[in-house]
Number of protein chains: 2
Amino acid sequence: MLKDMIEARHLRVLRAVAATGSFSAAARELGCTQPAVSQQMKALEGAAGTPLLIRTGREMRLTEAGEALVRHAAGILAGLTAAEEEVAAIAGLRAGRVRLVSFPSGSSTLVPTALAGMRAAHPGTRVSLVEAEPPRSVEMLRAGDCEIAVAFRYPQADDAAEAGGGWEDLVARPLLSDRLVVVVPREHRLAGAGTVGMAELAEEPWIAGCPRCRRHLVEVCESEGFTPRIDFATDDYPAVIGLVAAGLGVAVLPELALESVRAKGAVTLEVKPAVRREVVALTLPDLARVPAVAATLDRLESAARR
Amino acid sequence: MLKDMIEARHLRVLRAVAATGSFSAAARELGCTQPAVSQQMKALEGAAGTPLLIRTGREMRLTEAGEALVRHAAGILAGLTAAEEEVAAIAGLRAGRVRLVSFPSGSSTLVPTALAGMRAAHPGTRVSLVEAEPPRSVEMLRAGDCEIAVAFRYPQADDAAEAGGGWEDLVARPLLSDRLVVVVPREHRLAGAGTVGMAELAEEPWIAGCPRCRRHLVEVCESEGFTPRIDFATDDYPAVIGLVAAGLGVAVLPELALESVRAKGAVTLEVKPAVRREVVALTLPDLARVPAVAATLDRLESAARR
DNA sequence: CTTTGAGCATAAGCGTCCCTTGGACCCGGA
DNA sequence: TCCGGGTCCAAGGGACGCTTATGCTCAAAG
């Protein structure tokens, strides 16, 4: 079927024979025995349909067809080694591109340190970053628009989330477990409580975050027996803090988001029944075995451990 | 040893997979079964050291390394098919160069018709012609300066010739057996004899041809019991005829040489104990299997049969 | 002239690779 | 729920390729 095709091995042997002028010398150069070279050339001549070599006792010359093949072999083998080199560079972390998508509060903390580590350890690799919230980032991952998606999920209430954008078929590397905290104005009646139950805030006006966070907030509150009154919704965390500090309401934020935001005029309270969100790095099973992707995942994991 | 090398087969399969987007479709295109494609790709990924494909349920995408390989594969496979095409053209007589060396009286009769036949039957081939006498032409053949040497030998007296430039290791295609005739002036005492013995011309002045012919003439005469007195020697056959016609001597010429020379003022006599020379086409054993060379040899043989 | 070394071809043996067959699993659509 | 397309896995068999061993030719050296 696919036989009688000229293979790269044939050209390598032919080139060695043409360069050395003898089967034995070519065999030494190739690291094999002389009959192996002899058989390869016989096979190649069979595929070519015409002699390629002139065995004239003394020296080994090329026929016209042989010269044509050697001439082409130079370019073909050069292209082949270039291809091998490029692939080896990607496999050896001397090259490679990783497109990373992260949600905002992840990209401002975890991702920068991971990216810096990658740049330092593997200068040839290039990791790019785009921000997107989880539902969208998983879509991008599946569509081939990125290699890694840093996302989060709420372990307890994933009924709706799993249905819409479940990622059972993805590789999920857990990075850290992010605790949610309540933020209230400094003058709030509970500002000195330290810990608080969600139900105690049933009557407060709320300031919500991104759509997923907002949905989760509603779910948690309803499980506590009340429906939060949400006056504002923004995924800009400094803005949330500002609104809280201005006394316009209370909010619940992931601790991770507070690491890079100065909570001026607001205080944080621990939530009584601890509410957490899991931050994971997602990728496709095949991509997890790509060296640059795996290295980036490792760096993300290290960065998550502080 | 030589393993782990990327082979052309791998690239062919990879290209088919990338083009069709599925292993099964690629298998259909390649004319093999799907597991064969699957194994080839697994082997290629093993050699590459990194995944090349992303199997995401529905569609089959390429990783960065996969794209790099496909990109190189285009050029590599194009070069390979170009090489196969060029070799196939030579093997199929649509191309090919044959350098032919012939002695003068051969090139004026046999060779032109053979070359004309080659050009008519195989327009892509190019047969070039250079003239050289046998000792030199065989040297050129051995040195790789030509593919075919049209030469002649004297069957009976080859003791000296065989020692110097014997061609037992060459392929000798017999073309024709050329009878030698004696040429005498029209006014010569034997002009009407029709046939003549060499000994009858013992006292005549002789006009010899090329060095080999001259040497052969001396050998034949000495086997007849006399040493010829050679007054002139030239390998220009019309000149020989002219000298004979002018009554300056007698000569012995191959019949073939007289085909293209008008024997004005001279008559030809058959030699009593027939003396012949064998005209053969010589080539190297490997070259005899080159289609263009074999075709040229066939044409020469046909031309020799008239 | 004999000898010796180098080089190529061939044959036999054997390991490996590769392709095929058959079956299982997964998924999306009727 | 069934069915069809697609992939992977396992097993079998056939072909390929390399190696060892042997014979041959040729050229240079003794």
Side-chain angles (χ1 to χ4, degrees), chain A residues 1-14 16-47 51-62 66 142 163 166-170 284-286 289, chain B residues 1-14 16-47 51-62 142 163 166-171 284-286 289:
Chain A
M1 301 301 177
L2 297 177
K3 302 296 163 51
D4 295 343
M5 291 284 205
I6 297 180
E7 289 298 323
R9 175 172 12 91
H10 294 141
L11 297 184
R12 283 186 245 269
V13 175
L14 176 64
V17 169
T20 64
S22 111
F23 282 12
S24 299
R28 283 190 292 271
E29 182 173 312
L30 295 171
C32 64
T33 61
Q34 170 265 320
V37 174
S38 194
Q39 293 175 34
Q40 284 295 321
M41 295 314 299
K42 172 166 292 192
L44 183 54
E45 289 188 331
L52 303 173
L53 297 169
I54 306 175
R55 287 94 158 167
T56 165
R58 169 117 49 272
E59 57 192 339
M60 186 80 68
R61 275 203 311 276
L62 290 167
R142 292 191 195 282
W167 48 64
E168 300 77 27
D169 55 338
L170 301 179
L284 298 174
D286 290 312
R289 296 172 44 229
Chain B
M1 298 302 180
L2 296 178
K3 302 296 165 53
D4 295 344
M5 290 282 204
I6 297 180
E7 289 297 324
R9 174 171 14 91
H10 294 141
L11 298 183
R12 283 186 244 268
V13 175
L14 176 65
V17 169
T20 63
S22 114
F23 282 11
S24 299
R28 283 191 291 272
E29 182 173 313
L30 295 171
C32 64
T33 62
Q34 172 269 320
V37 174
S38 193
Q39 293 176 38
Q40 286 294 320
M41 295 315 299
K42 173 167 292 190
L44 182 55
E45 289 189 332
L52 303 174
L53 297 169
I54 305 175
R55 287 92 157 167
T56 165
R58 169 88 59 265
E59 57 190 342
M60 187 81 67
R61 275 203 310 276
L62 290 167
R142 292 192 193 280
W167 48 63
E168 301 76 28
D169 55 338
L170 301 180
V171 173
L284 298 173
D286 291 313
R289 298 173 41 232

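Below, all heavy atoms of this structure are taken into account, side chains as well, without hydrogens, waters or symmetry copies. Naming: A, B, ... by sequence-line order, numbering from 1 per chain.
- We find that CE of B/Met41 is positioned 13 Å from P of C/dC18, with the value rounded to whole Å.
- A/Glu29 has its CD atom 14 Å from the P atom of C/dG7, to the nearest Å.
- For A/Glu45 and C/dA9, the CD to P distance is 9 Å, given to the nearest whole Å.
- Among pairs with a residue in residues 36-45 of chain B, those fulfilling salt bridge (charged side-chain N to carboxylate O under 4.0 Å, His left out) read B/Glu45-B/Arg55, at least two apart in sequence or across chains.
- Listed pair A/Thr33 / D/dT19 meets the phosphate criterion, a side-chain N or O lying under 4.0 Å from OP1 or OP2.
- Rounded to a whole Å, the CE atom of A/Met5 is 17 Å from the C1' atom of D/dC16.
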Short heteroatom pairs, N/O only, protein and nucleotides 7-14 of chain D, under 3.5 Å:
unit_1: D/dT7; atom_1: OP1; unit_2: B/Phe23; atom_2: N; d: 2.9
unit_1: D/dT7; atom_1: OP2; unit_2: B/Phe23; atom_2: N; d: 3.4
unit_1: D/dT7; atom_1: OP2; unit_2: B/Ser24; atom_2: N; d: 2.8
unit_1: D/dT7; atom_1: OP2; unit_2: B/Ser24; atom_2: OG; d: 2.7
unit_1: D/dC8; atom_1: OP1; unit_2: B/Arg55; atom_2: NE; d: 2.9
unit_1: D/dC8; atom_1: OP2; unit_2: B/Ser38; atom_2: OG; d: 2.8
unit_1: D/dC8; atom_1: N4; unit_2: B/Gln34; atom_2: OE1; d: 3.4
unit_1: D/dC9; atom_1: OP2; unit_2: B/Lys42; atom_2: NZ; d: 3.1

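- Residues that satisfy the side-chain contact (heavy atoms from CB on, under 4.5 Å) test with A/Pro35, not counting sequence neighbours, are A/Thr33, A/Gln39.
- Shown here are the side-chain contact (heavy atoms from CB on, under 4.5 Å) partners of A/Ala18, two or more places apart in sequence or in another chain: A/Leu62, A/Val70.
- B/Ala8 is linked by a side-chain contact (heavy atoms from CB on, under 4.5 Å) to A/Glu7, B/Arg12, B/Leu80, counting only residues two or more places apart in sequence or in another chain.
- In this structure, CZ of B/Arg9 is placed 12 Å from P of D/dC16, rounded to the nearest angstrom.
- In this structure, CG of A/Leu53 is placed 16 Å from P of C/dG7, rounded to the nearest angstrom.
- The CD atom of B/Gln40 sits 10 Å away from the P atom of C/dT20 (whole-angstrom rounding).
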Identify every side-chain donor-acceptor pair in residues 21-32 of chain B under 3.5 Å, counting partners at least two apart or on other chains, and give the distances.
unit_1: B/Ser22; atom_1: OG; unit_2: B/Ser24; atom_2: N; d: 3.2
unit_1: B/Ser22; atom_1: OG; unit_2: B/Ala25; atom_2: N; d: 2.9

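- Taking atom CZ on B/Arg12 and atom C1' on C/dC19, their separation rounds to 17 Å, with Å as the unit.
- Using a 4.5 Å heavy-atom cutoff, the side chains of A/Thr20 and A/Met60 are not in contact.
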